[in-house]
Amino acid sequence: MRPKLVVGNWKMNGSRANNATLLAGIVEGLGQGNGKASAAVCVPAPYLHQCADALAGAPLAWGAQDVSVHASGAYTGEVAAAMLADFGCRYVIVGHSERRAYHGESDELVAQKALAALNAGLTPIVCVGETLAQREAEQTNAVVGKQMAAVLELLDEGMVERIVVAYEPVWAIGTGKTATPAMAQEVHAQLRSQLRARSAAAADKVAILYGGSMKPDNAVELLAQADIDGGLIGGAALKAADFLAIIQAA
Ligand code: PEP
């Protein structure tokens, strides 16, 4: 059985003072025992230093929410994977639907970002998911399959084993609407077989997280599905008690 992983995506939220309280609350709760689930927070880049200081030695990993495909040089505003590694990041989210929608990130660019992360020793959390219009047009499998295929085509087999995948139906993100456990499981199973077609070892190892309004009251049922290996949590990751309750459920 794959170990469960719960990752908070803070998006563009936080301040030094609020982060200090939130991180301390999470770490204190984890100290009381979080079973076998691993946990992490992906924070805005300016706060990586704060995480590195506050979380040294704590059972909570940290990461970023985006990464450049470039290694260094004249790319104003970009952050290189090696810089994230320098700040002790373990994870970086790539291809979140907000970046695909607001920054025009293509499936190919997302795959390049996953590659850049892996080359720097980071674990990319590759987000895939369909919009409401695509689901209603019964295109979910095709859309998610194509997003995943771009990553599987670019990475070699050993690298595929080192990624994390997050299925996040766009219509469920920040809306309070959650995919039913059966709906989520169906897509996760498809992603698992797509991974298996590329590498059996990867299919067994890669964690596939669910994201989209996961909360303490729906986490247990979602996390009980055979192919749901954890959660990528937005809103509920901003409250220590809620985030801890989801980790507990995992
Ligand atoms: C997300 O942004 O990755 C997410 C899942 O958000 P929320 O939990 O708020 O729907």
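Remember, it's 1-based here, ligands and their atoms both numbered in the order they're listed. The shown structure was predicted, so the numbers you read here are calculated from the model rather than taken from an experiment. Note: hydrogens, waters and symmetry copies are ignored here, and every other heavy atom, side chains too, is used.
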**Message:** Around atom CD of E186, are there more than 12 heavy atoms from other residues, nucleotides or ligands closer than 6.0 Å?
**Reply:** no
**Asked** Between G63 and C89, what is the shortest heavy-atom contact and its length?
**Response** CA-SG, 3.8 Å
**Message:** Distance alone, cut at 3.5 Å: any donor-acceptor contact between the side chains of Y167 and E130?
**Reply:** yes
**Message:** Using a 6.0 Å cut-off, check whether atom CZ of R90 has over 12 heavy atoms from anything other than its own residue.
**Reply:** no
**Residues lining ligand 1 [heavy-atom distance under 4.0 Å, listed by chain and residue number]** = N9, K11, H96, E168, A172, I173, G174, G211, G212, S213, L232, I233, G234, G235
**Request:** Look at the aromatic rings of Y75 and H70 and report parallel, tilted or perpendicular, splitting at 30° and 60°.
**Result:** parallel
**Item:** E98-H103 side chain donor-acceptor pair, cut-off 3.5 Å
**Value:** no
